[in-house]
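See below for the structure under consideration.
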Amino acid sequence: MRKTILTAILALSTALPAAADTIRVGMSGGYFPFTFTKSDELQGFEVDFMNAIGAETGDEIEFVTMSFSGLIGALESGRIDTVANQITVTPEREAKFVFSQPYVYDGAQVVVKAGNETEISGPESLKGRSVAVNLGSNYEELLQNLPYADEIDIRTYESNIAQDTALGRVDAFVMDRVSSAQLIKESPLPLALAGAPFDEIRNALPFRNDEEGKAMRDRVNAAIATLSENGKLTEISEKWLDVDVTKPLAE
Amino acid sequence: MKMLDIAYMWDLVPVIVGYIPLTLFMALVSMGFALGLSALLAIVRVLKLPVIDRLVAIFISFFRGTPLLVQLFLFYYGLPQLFSFMTNINGVTAAIIGLTLHFSAYMAESIRGAIQGVDRSQWEAAASVGMTQGQLLRRIILPQAARTAAPTLMNYFIDMIKGTSLAFTLGVTEMMGAAQKEAAGSFLYLEAFLVVALLYWAIVELLTVGQRRMEQYLGKAVAR
């Protein structure tokens, strides 16, 4: 408690840029099981992953949590160095940022209120339905790209898409397959997977497209390669997700 | 119908309470700055100082006319694109600056109202004994205006405390941010948000007791 105030005062008086050997990692802290908090302790797949990277590269890892909608802005304005929040590689994002190699391979998943999974059994049955997606996530775009997108009532949310689907305010939500399955398993919410994942997704760490960002990306890439070879990546994946999602689906 | 998970809520209380100092720190510092700034703005408006008066009018119009969240995003994520040094301003500082500017605009208007509420005869009386405008404001007008404005200013302070919950969008984990992160892991949204709501409520209730005391104190001089 006292520490928070001290940090705040300190931060006020010495607002200096971080040293070069610190990677400031932004995350929402609100995306179970990748990043969430229990009894005030930040944890999850992304936390273990970034700490393992730091151990490899020798960089200090500093976690910065903020609501999801602020993360990309914070990366762009240089307040953080990367975002570890299952950021999917898209052409638009690649035009703006440089990405590390993917560390999670996944698919988009339709999730419905338990009992509705026979009625809504995949993306094609979303016609004429309301579908929730997280604001700023790539699933909105993914839905927009469906040939019948104009027949879907896509609703963007700041948070709590699972809750609103369980409450019946929307017919479904779309999120990645891995955390959807985990959410259904761990949460008390009455939800069910609707059909198979409908798109391949590669998730990676974005860095700013400048000297410093590229150098950091190269360091991190080397570390990801090592962690992939020595099995550490698989270990982290199985710890949080029960499955290994760190290898390409096709292989 | 599922019952509330009381045990979980109980465990969550100390976690969220740990963030109260940060919330109060942001609100108190902002209020301190806002009181000073809004008093200055109000005086400029009352005295109708040439040129500055127009600038202050634009300032008040902008900060009353746009949402606090928009101002915070503009300031924190937008302006650093123009001025790179602004990247060094951290979330707590940015939240304090945002709250200060936003609420100064409102408070300036209620202080202006309070100043203008002081009877015109007192201005004339003070002028007749040779007081300068500065003395007149400081000794006669502002003490009376403070008393009139106190309840409204307290309202703004309460709003400010609640406004700090937007700081999470700037990367400051305060009470609301902490609750959101806890709820993400437990999925007990109702419980988590209820704990935060009750704690905000408790803080504001405590302040209301303080407000009653303060009003009694300020009212002493004119007690009837």
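The chains referred to below are lettered A, B, ... by the order of the sequence lines, with proteins before strands, and numbering in each begins at 1.
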Nearest heavy-atom approach of Gly91(B) to Val172(B) is C-CG2, 3.4 Å
Note: Val133(A) and Tyr139(A) closest approach over all heavy atoms is CG1-CB, 3.9 Å
Pair Glu46(A), Tyr103(A): side-chain N/O donor-acceptor within cut-off below 3.5 Å: yes
Bottom line for Glu182(B): the part with an atom under 4.5 Å from chain A's heavy atoms is both
Checklist entry - Counting N and O atoms only, with roles assigned by atom type, does the side chain of Ser237(A) sit under 3.5 Å from a partner on the main chain of Leu233(A), one being a donor and the other an acceptor? => result no
Okay, Phe168(B) and chain A: the region with an atom under 4.5 Å from a heavy atom over there is both
With chain A, the option among Val15(B), Thr87(B), Thr169(B) that has the most non-hydrogen atom pairs under 4.5 Å is Thr87(B)
Taking every heavy atom of Tyr106(B) against every heavy atom of Phe63(B), the minimum-distance pair comes out as CE1-O, 4.3 Å
The interface call for Phe68(A) against chain B, heavy-atom contacts under 4.5 Å, is neither
Given Met66(A), Glu41(A), Arg79(A), the one with more heavy-atom pairs under 4.5 angstrom with chain B than any other is Arg79(A)
Turns out that what part of Tyr8(B) lies under 4.5 Å from chain A's heavy atoms comes down to neither
- State whether Lys185(A) and Asp242(A) are salt-bridged, where the test is any N-O pair (Lys NZ or Arg NE/NH1/NH2 against Asp/Glu carboxylate O) under 4.0 Å. yes
Bottom line for Ser159(A): the part with an atom under 4.5 Å from chain B's heavy atoms is side chain
Note to self: Please confirm whether the ring centroid of Phe32(A) lies under 6.0 Å from the ring centroid of Phe187(B).
What the structure shows: yes
Under 4.5 Å to a heavy atom of chain B? For Leu183(A) that would be both
Looking only at Gly26(A), Gly73(A), Ser67(A), most heavy-atom pairs under 4.5 Å shared with chain B are made by Ser67(A)
From the list Gly30(A), Ser69(A), Ser28(A), Ser39(A), the residue making the most non-hydrogen contacts under 4.5 Å with chain B is Ser39(A)
Cut-off 4.5 Å, heavy atoms of chain B, and the answer for Gln43(A) is neither
Minimal heavy-atom distance between Met176(B) and Ser165(B), with the atoms involved, is CB-CB, 3.8 Å
